[in-house]
2 protein chains.
Amino acid sequence: MSAVAGGKGTGVPVSPNIIPFHEPKTHCGSCTLQELCVPFGLDPAAMRRLDELISYRAPVKKRETLYRPGETFNGLFAIRLGSFKTLLLTEDGREQIIGYRIAGEILGLDGIGSDRYTCEVVALEDSQVCFLPFKELDQLALEVPPLRRNLFRLMSRDLCRDQDMMLLLGSRSAEERLALFLLNLAERYQTRGYSARELVLRMTREEIASFLGLKLETVSRLFSSLQEEGLIQVQGRAIKLLDPWGLKQVVERS
Amino acid sequence: MSAVAGGKGTGVPVSPNIIPFHEPKTHCGSCTLQELCVPFGLDPAAMRRLDELISYRAPVKKRETLYRPGETFNGLFAIRLGSFKTLLLTEDGREQIIGYRIAGEILGLDGIGSDRYTCEVVALEDSQVCFLPFKELDQLALEVPPLRRNLFRLMSRDLCRDQDMMLLLGSRSAEERLALFLLNLAERYQTRGYSARELVLRMTREEIASFLGLKLETVSRLFSSLQEEGLIQVQGRAIKLLDPWGLKQVVERS
DNA sequence: CGACTAGTTGAGGCCAGTCAATGTTGGTGG
DNA sequence: CCACCAACATTGACTGGCCTCAACTAGTCG
């Protein structure tokens with residue numbers, strides 16, 4: 001069963017660990033991620049109304065599933081803390097990871113169209129999400145144009161990200177894929193105030209491989225060879241980008 | 001310069017070949033594709049208002065570009081007739097085809113978020129599109145909930161399609177990719193009232209290959225081998241699916 | 001008719017996959 | 001706190017699927 005989204009698609013949140021609202025810093029207005037997230041650019045009044053509509057903020061433990069394909073769509077999740085993988089299963093049971101989402105990003109957009117979520121979302125570490133019930137969100141968006149705009153922007157951002165990913169999977173070598181993966185990740189962490197040079201991966205080699213359309217041994221070998229080239233430094237899941245410009249060259253050399 | 005979307009991102013439509021509105025069958029209400037398209041499920045009054053906001057219906061010639069990355073986003077295009085490829089360019093100039101859109105489908109959603117279109121769209125044959133200016137569409141959607149719903153549905157549909165494509169590119173063999181491509185195409189043509197068994201490709205082998213993350217020779221070889229297996233019959237771009245069930249088996253055999 | 005584009009087919013090479021052995025890390029319980 | 005175990009990661013040897021290069025055919029348009 002899902003950790004938060006409600007069992008068996010009933011739409012009723014059942015997490016026993018909902019974070020009390022009187023805790024400090026559990027409001028959009030004081031959230032450090034607001035400019036990446038749904039509330040971006042809203043005036044204080046609108047922000048307060050958005051806050052009221054968020055029906056709960058809840059922790060999701062490592063490896064727990066946030067939602068699964070087929071569960072009824074009832075809203076979006078904003079990642080407050082932590083990271084998630086999104087994946088699809090092939091008919092023969094293998095999993096293909098199609099996304100990797102970190103704090104400030106939105107989960108659940110895949111369900112907007114069909115009333116059902118279509119992919120599976122699993123926490124890669126202990127995380128926290130804010131739940132935005134869609135009906136109410138849609139209503140509020142009617143009155144608040146910037147919110148409406150943000151919703152479109154978020155969907156469009158996902159569309160473009162997926163298209164970039166198709167470009168990557170369709171026409172890049174294994175080495176280019178890994179280099180792009182690292183650069184992209186570093187950039188996203190940087191916008192969140194973390195170092196642009198050092199990052200700690202939350203995924204296993206196998207998960208990275210699945211995401212990049214490769215095998216885990218290939219990923220492992222590539223980490224080693226990029227390290228030998230002096231471009232990165234690898235210590236398990238801690239990666240240092242020693243030469244970001246060199247990494248970009250790896251991508252751009254045709 | 002773009003064929004329709006306006007030169008140099010000015011947002012002013014400049015096509016010299018706009019189809020007069022007094023032509024028969026140029027209204028949503030009488031369009032055979034309405035149930036696949038934006039107007040799905042709208043009541044007659046709303047449908048009329050949607051019709052009024054469509055600022056033009058225009059032909060796009062084979063190989064003409066509908067819009068390019070960087071041009072200002074000013075609205076969506078509904079395909080009335082024909083087909084298009086959507087593509088991204090790598091920094092070294094190769095093109096990666098990321099989508100293949102036919103009548104009843106929507107183009108331009110990639111631009112909603114950023115005020116600029118992000119991919120390039122090119123007609124594969126002489127085609128026709130309806131232009132929906134986004135500002136007005138967004139306004140109308142405020143008053144017409146089913147229209148709002150349709151917009152979300154369309155974006156979400158694209159998201160899921162792209163995700164399926166990532167699954168295909170990330171974890172399927174060349175033969176599986178081609179079989180899936182043919183089955184998917186046949187299904188889409190079938191919903192539009194065409195035969196589920198016979199289809200005429202509008203793409204070259206090279207375009208199919210790019211879309212599937214392969215090389216043209218590989219695609220050509222696969223057409224031949226699927227034909228030898230008795231699953232399809234190939235005559236240039238005319239393909240007959242002799243054994244759709246067998247094709248599905250090709251995909252599902254792990 | 002010739003030039004051009006699209007498509008097919010063959011021979012050979014290489015990148016990434018597969019199989020397998022070994023090393024490392026981190027969580028758990030004694 | 002440390003020993004143990006399982007999961008994760010690395011590395012090597014070999015294989016194979018798809019790519020590359022190349023020759024040839026068929027259809028199209030001026």
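Side chains included, hydrogens not; waters and symmetry mates left out as well; all remaining heavy atoms used. As the structure is a prediction and not an experimental result, all values here were calculated from the model. In what follows, chains are A, B, ... by sequence order, proteins preceding strands, each numbered from 1.
Nucleotide C:dA6 holds its C1' atom 11 Å from the NZ atom of B:K62, rounded to whole Å. The CZ atom of B:R205 sits 7 Å away from the C1' atom of C:dG7 (whole-angstrom rounding). Nucleotide C:dT8 holds its C1' atom 12 Å from the CD atom of B:E228, rounded to whole Å. The CD atom of A:Q235 sits 13 Å away from the C1' atom of C:dT24 (whole-angstrom rounding). Distance, A:L201 CG to D:dT10 P: 10 Å, rounded to whole Å. In this structure, A:E125 places its CD atom 17 Å from C1' of C:dG27, rounding to the nearest Å. Rounded to an integer number of Å, the gap from A:F223 CZ to D:dC8 P is 15 Å. In this structure, CD1 of B:I208 is placed 13 Å from P of C:dA6, rounded to the nearest angstrom.
The shortest distance between the side-chain N/O atoms of A:R237 and the OP1/OP2 oxygens of D:dA9 is below 4.0 Å.
Enclosure of atom CZ in B:R237 by more than 12 non-hydrogen atoms of other residues, nucleotides or ligands within 6.0 angstrom is indicated. For CD of B:E91, the number of neighbouring non-hydrogen atoms (other residues, nucleotides, ligands) closer than 6.0 Å is greater than 12.
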Between the protein and nucleotides 12-22 of chain C, which nitrogen or oxygen pairs come in under 3.5 angstrom?
| residue | atom | partner | partner atom | Å |
| --- | --- | --- | --- | --- |
| C:dA16 | OP1 | A:A174 | N | 2.8 |
| C:dG17 | OP2 | A:K215 | N | 3.3 |
| C:dG17 | OP2 | A:T218 | OG1 | 2.4 |
| C:dT18 | O4 | A:R221 | NH2 | 2.9 |
| C:dC19 | N4 | A:E217 | OE2 | 3.2 |

Polar-atom pairs under 3.5 Å, protein N or O versus N or O of nucleotides 23-29 of chain D: list them with distances, or write none.
none

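Nearest heavy-atom pair, A:A196 versus A:L241, reported as atom, atom and distance to 0.1 Å: O-CD1, 3.8 Å. For A:F211 against A:L169, the heavy-atom pair with the smallest separation is O-CD2, 4.0 Å.
Here A:E125 pairs with A:R202 under the salt bridge (charged side-chain N to carboxylate O under 4.0 Å, His left out) rule; sequence neighbours left out.
Not one N or O on the side chain of A:Y194 forms a donor-acceptor pair closer than 3.5 Å with the backbone of A:L199.
With A:Y67 as reference, A:Y117 is the one residue of A:F131, A:F84, A:Y117 to meet the ring pair (Phe, Tyr, Trp, His ring centres under 6.0 Å) rule.
Nucleic acid contact for A:T204: sugar-phosphate only, since backbone atoms but no base atoms lie under 4.0 Å from a heavy atom of the residue. No engagement by A:R177 is indicated, since no non-hydrogen atom pair under 4.0 Å with the nucleic acid exists.
With axes fitted over five pairs at each extremity, the angle between the ends of the helix from C:dC1-D:dG30 to C:dG30-D:dC1 is 40° (10° resolution).
Pairs of residues two or more places apart, or lying in two chains, that qualify as salt bridge (charged side-chain N to carboxylate O under 4.0 Å, His left out) and include a residue from residues 206-228 of chain B are B:K85-B:E207. Screening residues 179-192 of chain B for side chain to side chain donor-acceptor pair (under 3.5 Å) gives B:E105-B:R188, B:N184-B:R188 as the qualifying pairs, with residues at least two apart or on separate chains.
Ion pairing of A:R161 with A:D164 is absent here, as no side-chain N (NZ or NE/NH1/NH2) approaches a carboxylate O to less than 4.0 Å.
In this structure the side chain of A:M203 reaches within 4.5 angstrom of the side chain of A:F181, judged on heavy atoms.
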